[in-house]
Amino acid sequence: MNSQLLSLAIWVPILGAVPVFWVGSERRTLVRWLSLAVAVAGFLITIPLYTGFDATLSGMQFVEQAPWITRFNAQYLLGIDGISMPFILLNSLITVLVVLAGWEVIEDKQAQYMGAFLVMSGLMNGIFCSLDGLLFYVFFEASLIPMYIIIGAWGGPNRVYAAFKFFLYTLLGSLLMLVALIWLFLESGGSFNILDWHQLRLGMAPQILIFIAFLVSFAVKVPMWPVHTWLPDAHVEAPTGGSVVLASIALKLGAYGFVRFSLPIVPDASHQLAPLMIALSLIAVIYIGFVALVQTDMKKLIAYSSISHMGFVTLGFFLFNQIGVEGALVQMISHGFVAGAMFLCVGVMYDRMHSRQIADYGGVVNTMPKFAALFVFFAMANSGLPATSGFVGEFMVILGAIKFNFWVGFAAAITLILGAAYTLWMVKRVVFGAVGNAHVAELKDIGSREFLVLGVLAVCVLAMGLYPFPFTEVMHASVDNLLKHVAVSKL
Amino acid sequence: MLNNFVMPDLYPAAPEIFLLLMSFVVLFVDLILGATHRWMAALLTVITLIGCAAITLVTSDGQTTLTFSNMFVDDLLSDFLKLMTYLAVIMMLVYSRQYMADRGLDKGEFYLLVLYATLGMMVMISAANFLTMYLGLELMSLSLYGLVAIDRDSTRGTEAAMKYFVLGALASGLLLYGMSMIYGATGSLEIGGIAQALYHGQAEKPVLVFGLVFLVAGVAFKLGLVPFHMWIPDVYHGAPTAVTMFIGSAPKLAAFAMALRLLVYALFGLAVDWQKMLLIMAVLSIGLGNLAAIAQTNIKRMLAYSAISHMGYMVLGLMSGVVGGQVDAFTAVNAYSSALYYTVAYVLMSLGAFGMVLLLSRAGYEAENLEDFKGLNKRSPWFAAMMLIIMFSMAGIPFFIGFFAKFAVLLAAIKAGYTAVAVIAVMFSLVGAFYYLRVVKLMYFDTPVDSAPITAGIDLRVLLSLNALAVAAFGLFPDAVMMVCTTTLMRSL
């Protein structure tokens with residue numbers, strides 16, 4: 001098990017971005033193929049992480065350890081368990097798709113665009129593999145830089161505002177986390193190892209404070225109500241690729257933080273504050289669901305739908321039962337596919353019409369039948385139709401919630417109605433009916449490149465919906481271990 | 001009388017003596033060769049500094065040696081800080097070569113004043129007596145006043161020099177007054193002697209604390225801490241950019257040495273008292289520096305306020321060495337080395353940031369407004385990336401050196417029990433992130449208003465690239481510099 005796979009998964013995309021920058025945007029064909037090669041190489045590297053993964057073990061696998069900052073005893077410590085492994089694969093796959101999605105539409109500074117996504121991909125892999133608190137933080141914050149540039153340089157008309165809001169909101173959270181990390185370092189007698197922190201005994205008062213510091217950081221990232229307002233802005237203004245990476249991966253970082261930090265490090269505070277977390281999650285699920293209903297901008301609608309779906313994830317974590325936590329993790333992966341696909345679909349239409357307004361469309365099915373079929377399929381998945389991945393996670397979380405408390409489960413189940421309402425209503429207005437206007441009449445159906453991108457995601461969504469076992473199998477032992485750990489008081 | 005004269009050991013002061021002798025050579029060479037061979041003076045100055053570095057390296061034995069009747073000390077800390085100073089001054093000279101030549105400011109005086117200011121800093125760094133400290137400080141300050149006014153025809157420069165001189169003289173007066181108080185209370189001007197007197201509790205506390213207040217005020221002026229910061233924005237703005245770069249880099253090292261020698265080496269017994277003063281000034285500096293920087297449209301002024309906030313962070317490390325009046329060697333070394341690390345990191349970033357301003361300036365044009373950075377990514381993607389590294393580093397975003405500097409200082413502060421202060425400090429660094437991000441925004445999101453090609457010479461380009469890449473490399477691998485700082489302080493305290 002002593003391989004360098006995780007290091008490769010992090011550094012191949014980051015170092016691969018260097019020649020991409022170097023080639024420069026003038027040689028467009030070379031830049032595209034080079035970026036694609038790096039992204040595909042990055043994805044291929046991560047496949048052995050799945051095939052070589054021992055699902056019976058709950059501990060960390062593929063561990064790599066090297067000294068990094070001896071003065072603070074911080075290590076270059078990497079490792080994955082069943083919780084983090086799927087996200088590395090998801091991230092690397094999404095990067096390939098994002099490169100393909102930006103193939104023709106990005107005309108300005110394409111080399112920098114592609115390079116930024118490759119760097120982003122490596123940094124996010126770093127977040128998921130870090131087992132050292134300082135290393136985690138460093139990746140966590142560094143990943144803001146490429147995203148800031150992506151939103152600000154290739155975004156829509158209000159991109160500068162959105163980029164600043166994104167950066168400063170997220171930084172606000174992570175700075176408090178930094179203080180908490182330093183405090184944990186001192187309290188644990190000089191260790192940044194997250195696994196050491198899992199064993200650290202803490203009193204109730206410090207647990208609550210640390211929980212809050214982590215909560216601010218991760219809640220902004222997820223995002224949870226009421227600190228979600230940056231997300232609609234960022235999504236609307238970001239270029240398609242930026243929206244996809246934000247929705248598919250970046251949002252998962254916050255949720256991942258809860259499982260890696262909050263729950264195991266401060267279990268008593270997590271139990272104590274679970275009602276608050278459940279309440280915030282339900283507000284996100286229901287209230288934000290209603291907010292999504294009234295949106296007239298497709299990207300904004302999907303952004304709100306993302307917040308609502310991520311509410312399910314945080315809800316699942318704080319139910320403290322196996323099916324709830326696993327459901328939340330499945331929901332995270334599923335949302336990675338579905339939300340990414342939804343944004344790609346909007347991107348496809350935006351590239352042709354340069355509008356995201358629902359009112360500007362109507363009857364797209366008449367001119368783009370292939371696209372319409374895929375779009376409707378992803379919309380179904382987004383509203384949680386059985387046999388799609390969207391159903392599996394939501395169903396598991398609702399089961400877990402009913403196990404926890406009937407009314408919590410009942411409230412969570414409302415989303416099945418709301419989700420269907422806002423998604424399908426949008427699809428009805430955009431895709432179906434008579435051709436809305438002259439522009440729609442001139443639309444050209446998707447080409448083979450776009451079909452490939454959406455097709456890959458459609459296969460993933462369907463496979464996960466029909467046969468989720470390979471996904472739940474790998475996380476089973478780790479989740480079991482996590483729940484056993486969280487059940488033991490640290491007081 | 002002459003029979004009692006003992007020749008002092010000159011060996012520990014060899015770099016200073018070499019620099020002084022070489023300054024005469026520079027003076028004569030410049031006088032004889034004149035304006036036609038100005039490059040000779042520049043070359044000789046750089047050679048002098050390289051020679052100083054060689055001498056410092058060769059004579060560095062890691063031992064603490066006192067000489068000139070205990071007025072001058074040569075220890076590992078002084079060697080390290082001097083080497084950093086030479087490096088900063090050499091970098092400044094390379095950065096500013098073309099800028100000064102374009103404006104006809106590369107006169108012999110420039111090189112001489114730079115050398116004498118450097119000599120002043122070296123004396124400050126090696127001071128083991130209040131008088132030596134004062135002499136070094138004045139030599140540095142007077143040379144700097146002259147440098148600020150080196151462009152005789154610039155009213156802004158003259159005004160800045162005047163302001164700098166008047167306020168600097170006031171600060172020197174405060175410092176001297178404080179020194180005299182402490183002399184009165186302890187009967188000694190020697191740093192070691194004062195520490196001894198405090199240790200044995202022989203001195204009168206009220207007089208000491210009274211003197212301490214003035215001493216801290218003098219130190220705070222040199223560091224540019226609020227409320228003694230007023231000179232910084234005007235001087236940074238008014239001075240020619242090359243001189244601003246000089247003031248913003250090497251003297252910070254000397255000021256750090258001064259703070260360490262006076263407060264830690266001499267007045268460690270009063271740590272509980274000066275900690276509180278530094279705490280207030282650190283929080284105010286971080287707050288005001290970051291808030292005021294937002295309102296600036298001139299990048300030199302913005303960097304000036306940013307310098308104020310950075311020195312606030314540095315002092316946060318300096319005040320965290322003593323926990324609740326208890327002295328613990330490990331905590332102390334940890335805290336002071338974090339402050340030293342911060343200073344070194346800041347000097348590196350500051351040189352890079354002003355280097356960018358010099359890069360964009362050209363004959364007859366000062367690129368000192370934020371607007372001048374607009375669309376830099378279109379004009380030069382490489383240097384836009386370099387500026388991006390420096391700006392994110394200053395904002396304290398990883399993987400750059402600025403993050404680890406902030407991290408080390410915050411860790412020291414939290415360890416000393418100042419968790420609330422650390423939270424305030426990080427919140428203000430959020431405010432600070434805004435104006436650094438704005439520079440990145442101008443470079444990457446806006447279209448250029450100025451499409452003139454960048455005319456800077458190859459020397460500046462290479463140095464600037466190395467400088468920014470060092471900011472990134474020392475961020476990816478922060479261990480080496482951190483260990484050097486820790487070892488230096490461990491062996492010198």
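Everything numeric in this text was worked out from a predicted model, so none of it was measured. Quick note on labels: first sequence line is chain A, next is B, and so on, each numbered from 1.
Inter-residue side-chain proximity for B:K441 and A:Y148 is flagged as met; some heavy-atom pair is nearer than 4.5 Å. Residues A:L172 and B:M427 meet the side-chain proximity criterion, which asks for heavy atoms closer than 4.5 Å. You'll find the side chain of A:L168 stays beyond 4.5 Å of the side chain of B:V431, heavy atoms only. With a 4.5 Å cut-off on side-chain heavy atoms, A:I145 and B:F400 count as touching.
Contacts of B:F403 with chain A are made by side-chain atoms alone, with heavy-atom separations under 4.5 Å and no backbone atom involved. At a 4.5 Å heavy-atom cutoff, A:Y76 makes no contact with chain B through either its backbone or its side chain. For B:F434, the parts sitting under 4.5 Å from any heavy atom of chain A are the backbone and the side chain alike. Both the backbone and the side chain of B:S338 have a heavy atom closer than 4.5 Å to some heavy atom of chain A. With a 4.5 Å cut-off on non-hydrogen atoms, A:L123 touches chain B through its side chain but not through its backbone. Heavy-atom distances place both the backbone and the side chain of B:M482 under 4.5 Å from chain A. Within the 4.5 angstrom heavy-atom criterion, no atom of A:A74 approaches chain B. Proximity to chain A (any heavy atom under 4.5 Å) is shown, for B:A408, by both the backbone and the side chain.
Shown here for B:G396 and A:E141, the closest heavy-atom pair between the two residues is O-OE1, 3.8 Å. Residue B:P398 comes nearest to A:V138 through the heavy atom pair CG-O, 3.5 Å, listed as atom of the first residue, atom of the second, then distance. Of all non-hydrogen atoms in B:Y444 and A:Q112, the two that sit nearest each other are CE2-OE1, 4.2 Å.
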- Task: Check step by step if side chain to side chain contact (heavy atoms under 4.5 Å, CB included) holds for B:V423 and A:L175.
- Result: CA-CA 8 Å; B:V423 172; A:L175 286 172; over 6 Å; no
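Interatomic distance, A:S143 OG to B:I397 CD1, rounded to the nearest 0.5 Å: 10.5 Å. Between the CZ atom in A:F72 and the CG atom in B:D479 there is a gap of 10.0 Å [rounded to 0.5 Å]. Considering CZ of A:R71 and OG of B:S337, their distance stands at 3.5 Å, rounded to 0.5 Å. Taken to the nearest 0.5 Å, the CG atom of A:L134 stands 4.5 Å off from the CZ atom of B:F407. Residue B:M483 holds its CE atom at 11.5 Å from CD1 of A:I69, rounded to the nearest 0.5 Å.
Contact tally against chain B (heavy-atom pairs below 4.5 Å) for A:F140, A:Y137, A:F21: the top residue is A:Y137. For chain A, the option among B:L410, B:V440, B:N377 with the highest count of heavy-atom pairs below 4.5 Å is B:N377. Annotation: maximal heavy-atom pairing with chain B below 4.5 Å, among A:L181, A:L178, A:L186, occurs at A:L186. Annotation: maximal heavy-atom pairing with chain A below 4.5 Å, among B:F445, B:F392, B:F404, occurs at B:F445. Heavy-atom pairs under 4.5 Å with chain A were tallied for B:T419, B:I414, B:L476; the largest tally goes to B:I414.
Within 6.0 Å of CZ on B:F474 lie no more than 12 heavy atoms contributed by other residues, nucleotides or ligands.
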